[in-house]
Structure formats: C-alpha cells, structure tokens
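These numbers come from the heavy atoms of this one structure, side chains and all, not from hydrogens, waters or symmetry mates. Residue numbering restarts at 1 for every chain, and letters A, B, ... go by the order of the sequence lines.
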Amino acid sequence: MGSAQPPTQRACSPGHDTRCSLAWLWIWAKTDRFGLSRKRGNSPWNTLLAHCLDTAAVCGALFDHYLAAPVRARLADAFGAGDVAKARSILMFLAATHDMPGKAIPDFQLGFLQSRDPELLAHARHWLAQAQSHGLPLDSTHRTARQHAHVTARYLPGLLGCTCCTDDEDETGPEHHGLHAIAALLGGHHGHVPNSSCIGTAECDLTPAWKSLQRELLNELARLLDVDLTELPALVRPERPCVLPLFAGLVVHSDWIASDESRFTYRTPETAGTNTDLWWRSSREEAAAAIRDLRLHRWQPTEMTWAEQMPDTPQPRPAQKAVIDARITGQSLVIIEDTTGGGKTEIAQYLTHRLALTCGYHGAYIALPLRAASDQIARRYRDYLTAILGSREAANLAVVHGSAHISEINRELKEASSANLDPSLINITNCDDPDTHQPASVVLHTWYEERSRGLLSCFGVGTIDQLVLAPQKSRHWFLRLYGLVNKTVVIDEAHAYELYQQQLLGAAIAWLADAGSSVVILSATLPKHQRHALLAAWCSGLQTQPSTPNPTGPITIVDSQGRCRTLTSARSKTSRKHRTRIRLMADPGPEALAHHLLTQHTTGITTVIRNTFIRAEALHDALLDQAEKQGWKPEEILLLHGRFFEKDRAHHQATLEAKLGPHPDPAARATTANPDRPERLLLIGTQVLEASLDYCTDHLYTDLCPFDLLLQRRGRQWRHTLNRPRHKHLAPLTHVLWTPNEDGLPCLPRPGTPGVYDPYILAATWHALHQHMPAHAPLTLTLTSPTDTQPILNTLYGDPPPDGQTPIHHLLRTLYPHWQRRLRDERKAAEGRELWPYDQNGNPTTYEELASGPSHGAGDDPDHPAHLAARSRLGTPSIDVIGLYQHPDRITWDPAGHEPADLRRYHPYADQDQEAHRLQRRHFLLNTVHVPHYWIGDLPNPTTWTKPEPAPALTDRPTLLLTPDGSPLDGRLAHLTYTPQTGLSRRRRPQPPVTS
DNA sequence: AAGAAAAAAAAA
C-alpha cells in the first residue's frame, strides 16, 4: 500500500485478519534509560503503539477534565466542526501521532542498538531478533540520525490524506493547509515548531514495506480511537490563531505525562500480548489515575456571596461593592484602578471565582512584578482558596518564577501534598460525585516543580515575566500560553511595567481574548494611554471595536463583544493623604556627605538610596574611613545592593527587616514598637532599598531620580507609625541629592548613554520640584499626595516639554527627543519579538509564523538573531555566576569552610537522584551572583573560568572560584573581590606585591 | 557609562 492511496479505516485488525502480520507491533518508542520501568517489574522498552495510546488517553482526559469550557469550544470548532465528541476523538488521535511516523522509520528504530547501557544493549539485541522474526524490515546498517519530530511533520500530512504529498506526481492535488499546520505543530513537540526548510531536511527514503507498516499502525490507532480517517481531513480546520498554540500545548502536556514511566506501563507483545483493545483500556485507566494524581481537574466553584468568601472582611468596601453589584457574567476584561489599601487583591480573588463560575475556567494565574511579591500573594491566595474550595476539592497552587524551587510557600504546599490522601486510592470519576469526600486542601505536586510546568497547574501565582514571555518564541513557549488561556489571568501593579513589558502584555492579552479567557488588571491610577492600550489589545484579540474607545476608569469592564461599562462612583475614600517635605541638597561628594551624615544624624536610622552601585560603594567607603573618628562602629554602617550571593543578600535583608521592620508579633504591631530596633544605623544602598523591603527609616537621602520612584523611595520613611512618636504633626523630610553644573542646572548623564534613568525624566523631575518650591523658602517644598503628585506624573510622562525661555526649558527641549527615541527603541524591541493572534488588518497568524528553531536567539541563525531572543525585561545584560570557595582539601559553599559542596552530577528524573538534584539546585541558586556583562568585558566565555576539578555538575555553568578571603582564583578576574558584607566589587584591585 | 529585576536548558 503506497501513501498515494486514500487512507482506509479498519484495514487491519489484530487477531482477526490473517493477511496482516503484526510486525508494526514491534516498533519501539522508548527505552528504559533510568531503569524506572524495570524497577516496577516491567519491560525495558516500550512499543510505539503503547506510547501513542498513552498520549491519546492523557489527551482525552485533559480534554474532559482540564481544559476550560471556552477552550474546548474553540477546539470543537477547529477539529470537529463544532461537534465536541468528534473533536475530542480527533484530538486524541492527532496527539497519538506526535511520534508517528517520526519513530516508525528504520533510522530511528536502529537507534536502540546504540544504547550505552550494556543491559539495555542486550535487550536491544533481543528486540531486534524478535522484531525481525515478526517481519519488521530492519538491516542493521547504521543510518544518519534524524529529528523524529520533524519526520512526523514531514510525512504526517500525506498519511492523513493531504493530496499535495503523494508519490505520484500525476495525482498531486492542492495542499491541505490544516493538515500541514497540525503536522508542523506536532513536529514542535520538543519545543520549537519547525519551519518548512527544517521539515524538508527530515526527508527519508522509505521502502514500500515501511510505508505500509506506518499505514497499518495509523489504521490501528484510528480503529482503537474510533476515528474515521476518511472524514478527518475535512474536519481539521485550525483557523482561529489561538488554536495553534493550544494544540501544540495540549500535545506536549499529554506527551510529558504519558512519557512518565512511573505512571504508564511499558508494553510489548511479549509482556502484554497482542490484544490491543486491552492496551487501550489500560492506557485510559492509567491516564485517569495520572490526571487525578496531578489534580488536573477543573475548578468547580459554587455560587458564594462575598461574605462567605471573605469571612475576615464580610463588609465589602466601595470599590469591592461596585464590582460585586456589576454582576459580571461571561468572558471579560476588568480594569480596576484604586489606591493601595482599597482592597484590590480581594476583588481580584473574588473575580477569579466569579469568572470561573460563569465561564468554566479551570483556575487562575496572578501575575506580579517581583518574586518576593509573588510569594506573599501566593500565601494570601492559598488561604483564600482553602476557605472557598469546599470539602471535596483539592487543587494545586504553584508559585511560578525563576527561584520557585526555593520558595518557602512552595515548600509548604508540597508538604501539604505529600501529607494528603494517597491519590492512587481515588478514582477520577469521583470528581463529579458530590458524595465523595476528600480533605480540603491547597497543595502542590512536585511534578510542577520542573521548569515550564508551573503554569500548567490550575492555580498559579508568579511573576509578570511568565506572561510577558508567553507571546515570544522560545523553547516550549506555547506551553505558557496553553496554561494561561484556560484561566482568569490577573495582572497586578499594571502601572509598574516598562513600555517594553506593557507592549508584550498587550500581545498576551490579545491571545487570551482570542482563546476565551478573562483578564483582570489592577493598578493605582493608570495613565490613560496605558488604559486605552490594554483595551485595544483586548479588542484586537476579539477582532472587534470597543464601544467606548477611551474609557475613563476607575473601573472598566469590557465583555467579549467589546462593550464597555464604566463604574465611576467607586473610588475608595480610604486613601490617606500623604504630605511629603522635600529638600533639594547639592551633593557635596562622598567625603563631605559622609561627614555630614556621621555628625548630623547621631541618633535614629538614616538611609541613603543611591542610583548607582559605584556611588553607593564610594559613600560606604568614605563612611568607614571617617567612622572611628566620629565615634561610630563599623557594624553601625551597612551596605546593600544587588551584587551579593543570593544567600548573603537574603541574610542582610532578613536582618534589616528584623531590626527595622514592625514588631515581629503581628498582634503587637499596632501598639508596640519593634524592640530590636537599634538606637542608630547608617544604611547605604541602591534600588534594592526602594521597594518590596519592609523597613522604616527616620531620615532619608536619595539621589535625584524619576518622580514616581522618588515617591516610592519616600515610602520607606516613617513607614510604621510607631517609629515616629515625636513627629506626629510633621511630614517627614526627604533630602534629594543633586549635582549642580555651572548654570545651576543638574548635571545629567549624557543622552544616548546606557544610564540608569533617562536624563529627560531626571531634568523634568528636578523642574517639577522647583516649580513647587515656595518663593519665600526656596529649598524645601511640601507635596500632598495625590493632589499635587498626580498632575506632576501626568505631565512628566504624558506631555511634551513646556514652552518657555529659561535655561531649564531649553534643556528639557534638548533632551526630549532622546527620551522619545528611547521609548521608540523599547517599542521596537518588543515588536521584534512579539507574536499577536491577528495582524493590524485582522489577518490571523499562521503556523508558519510560529516557527522557531533550537538556535533561536543563539546568534548563528540569521532568521532569529541573538538580540531577538525571548526576554522578559530589557536592561543591562548580566550573567549568573555560581560562587564557590576553594579550601586546601575541599570546595565549600561558604568562606568558613563548613558547607562542603557536592558537585557530582545528578539526573533530575532518575528516582534515586531527585532529592540530591534538588538540594544541589538550591545550593547553586543560593550561591549565585548576577554579574553585569560589562564588568567582565572581553574576557573569554565565563564557563571556562577556573573551576574546581572534578565538578561535572558545573559543566556549562559560569563559576567564580574564590579563596576564603574572596579573591578569584582565576587571574583574569583579579579585578573582582567578594565579601559577604560588601558584596562583589570590581573597583578595589588587590595591591600588587611589593617588589624589592 | 551602565540599577534592579527576571529568565534560561525532557520527553531518544
């Protein structure tokens, strides 16, 4: 049978049709590389049919239990002309073919004989003899290895009946676009959707015997999965763009679960016989158990009032009440602008429930700007879910960010998981049975810990970066979109993201809208252009126009037709009015400033926030130089910045919060000051002191910085009311340090240089402060928030520079074009990476545009140059370096030599190694320091710096091997030093040895 | 002339 012939159903049914051999049943797909299958007493290799059936079974179970209702509806349209059951079967069948025909070629099959493990090799020889005797045409000449996924992409369309790929040129017909699309997406199951030239290179020279084997295997799959191959081509219509990443994601999700040999039994004709109907049954049973164990079942919320959901705050505040009364039903974009303390987090929690109830989402993802904030909100969301899930549901909640595996809340959730009922005792059918009880709990299965898996958990809290990366091509990127579109996605602190991220968030929102999910956006007041951009992105995904293109807030609700509602009377009255006193102070330089601080602030906590690492370090040095003379002890002067090993920084931050934070006992906070607060302290640092750390300073000095950040920094002053008993009636005084030039204008970084802050924004901030300076006391001004501050922000970021003829006006007009260029560059950086579901003319994105490759962003690929590799944030590139200490007889994690480093290599999937692997990963992360690229200049590849030997775990990891006193062993790095107290420095070169 | 922050690699 040649591939030119139309596919036929039920051509071959094992055990019933004696004309067919069962040679295809000997085609293998997986070998037991880690011994997990054999340990369970099963086969050392798995047949392709079994793996295909396992994948199909998982796909079906995910379709039934995991996918959100709108997602299923879109898949039903794309794979079943609206018929859900039909689409389900076809999706299962297509998921099964991800390795078919890719692995059903002689090249791949002979790869079994390349096994390095002698035991596996013996099994391979046995397999070959058996397979040959059952008619599998294999001669044992070695062939070139091919990417099996690309072989699937190359040959599947023809096997499924696309007429453009027949062998006989006379019968060539038109290309079936849908079949080629799904084949390419299946070809992407290792993470990158291949492009056409990549698929072309997977050309194999197949004998008619192999073609017919492939056909027989495919027919057997179709028979078992009850798919009519003759009607399949007409039903496969993946036209809506969201269907493409959804399909790719569903396949990979299914494959990853089905490839877990601790859940799915390897089956061969020798171990499981040839009754494939029994194989299919056991696939379904094991898939059901896997879905249950991984808790991949949708949230099934019941109607609940606000008071039932929020027992601690049963009385909704104004903004909360407005949202409740809006009775939101169906897919929505909800933008809530309110000040901190207005209860936005609770509204968002309430909306995840409300939207899951009315739309059928499987859960929710909450995105925040920082990892630390994610951990905090995850804790609150855990408590919320625990309260409302009811007694028969349990759910996974994953913290999703780069260091989630050392997150404390993740650890607690994982512990709750292992303490829970043995999941193997529970059948999947219990999901829908209200009488079955299971202890209520919010947990996390360790399965979700591996990278790229966090967003697959029904509930997640994590960084905004996960969302920003979702519409950018990189390995397994579509899995992010797939995980997100089944949820309500909450974007917190929406005003806090730079233009680059805002733009990519727009793309993500458009995909979410196209797939039927809902988005909740929380912010303090949004600049209006940002609100409009969010609305435009939403409507672009819906391919509609907003009914009100320029809504005003503070609460905006947009439905799936683009109809906008604005709730106006809801802004919370609770926002306290803050007054801020600001004094502009010419920076006298580090020595004089140090003298000033040591003599003027001999009591209380004094904090200096500098814009650059160099400035912070210089001031710290000057302070230490003069400390003794002024009667200060060195330990009363602290330095904090971002260039510490994670564990040292965590230690300093914890100390800071313990000493300068509120009372350790939450119950005592309102009445008692922190007893550990020292009499005095000088704290010098960079932007790490600006946000997220909960400490309170009495006096504050800051470098001139953008106005919004100035307010942010000022928030650390008199933060806890109990720390300012003597100043109740006064606003705190913040000193803003600036350097005047000869014209009396601020010295600014030259425009176009990669400075921290744009000179235009700095000059405009300086100008705004001067404008508010009272004429009678021209150094100190008082600002009331938000009445004074909001207009300043709007002007700063929204308006062109003012007319006027004074020097500052001229300066602003000179700098403004550079600022605009900077914004344009950021937008371009986003445009070079982002994928949208529809272009500006409404044309849907096609599968060809999703193509990427393993070299995507690696530099040698002209289609995807390095500067367009996926990034969640722009900024100075840095590399993560692992710090280790060399002692005479051992390598340790710490300078004192107490914690020996285990640098053996562990395999993350091999049973016995998992715990050691996790511990090692944890150590690596804790001993990582981020080194700016320009600090190491044109030094060779950091992975080649002097390393301990032997250290297989450090292969390919940039390593900084230090002496116990913090000097690098590699002479090329002699300009760097590290101490746990001051961090990594590149300024203090070690003195050259005195030569006599 | 350059901060903080986040991210990154299994399905043979």
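- Taking the six-membered ring for Trp and thresholds of 30 and 60 degrees, A/Trp447 and A/His253 have ring planes inclined between 30 and 60 degrees apart.
- One interatomic measurement links the two molecules: CD of A/Gln712 to P of B/dA5, which rounds to 12 Å at whole-angstrom precision.
- Aromatic stacking of A/Phe613 on B/dG3: not satisfied for centres closer than 5.5 Å together with planes under 30 degrees.
- For the salt bridge (charged side-chain N to carboxylate O under 4.0 Å, His left out) test, no residue two or more places apart in sequence or in another chain qualifies with A/Arg480.
- Using a 4.0 Å heavy-atom criterion, one finds that A/Ser872 contacts the bases of the nucleic acid, with or without backbone contacts as well.
- If you check distances only, the side chain of A/Asp260 never reaches the base of B/dA11 with a donor-acceptor pair under 3.5 Å.
- Nearest heavy atoms, A/Phe112 versus A/Thr31: CE2-CG2, 3.3 Å.
- In this entry the distance linking OH of A/Tyr757 with C1' of B/dA5 reads 12 Å, nearest Å.
- Straight-line distance from the CD atom of A/Gln466 to the C1' atom of B/dA8: 11 Å, rounded to whole Å.
- Atom CG in A/Leu693 sits about 9 Å away from atom P in B/dA5, given to the nearest Å.
- Contact annotation for A/Arg451: base contact, defined as any heavy-atom pair under 4.0 Å involving a base atom.
- Below 30°, between 30° and 60°, or above 60°: for A/Trp256 and A/His476 the angle between ring planes is above 60°, a perpendicular geometry.
- Between the side chain of A/Trp256 and the base of B/dA10, no donor-acceptor pair under 3.5 Å is found.
- No engagement by A/Asp956 is indicated, since no non-hydrogen atom pair under 4.0 Å with the nucleic acid exists.
- Taking atom NE2 of residue A/His476 and atom C1' of nucleotide B/dA7, one finds them 16 Å apart after rounding to whole Å.
- The aromatic rings of A/His189 and A/His148 sit tilted relative to each other, their planes meeting at an angle between 30° and 60°.
- Note on A/Leu709: nothing from the nucleic acid sits closer than 4.0 angstrom, heavy atoms only.
- The separation between A/His148 atom NE2 and B/dA12 atom P is 4 Å, rounded to whole Å.
- Closest to the side chain of A/Thr612, out of B/dA12, B/dG3, B/dA11, is B/dG3.
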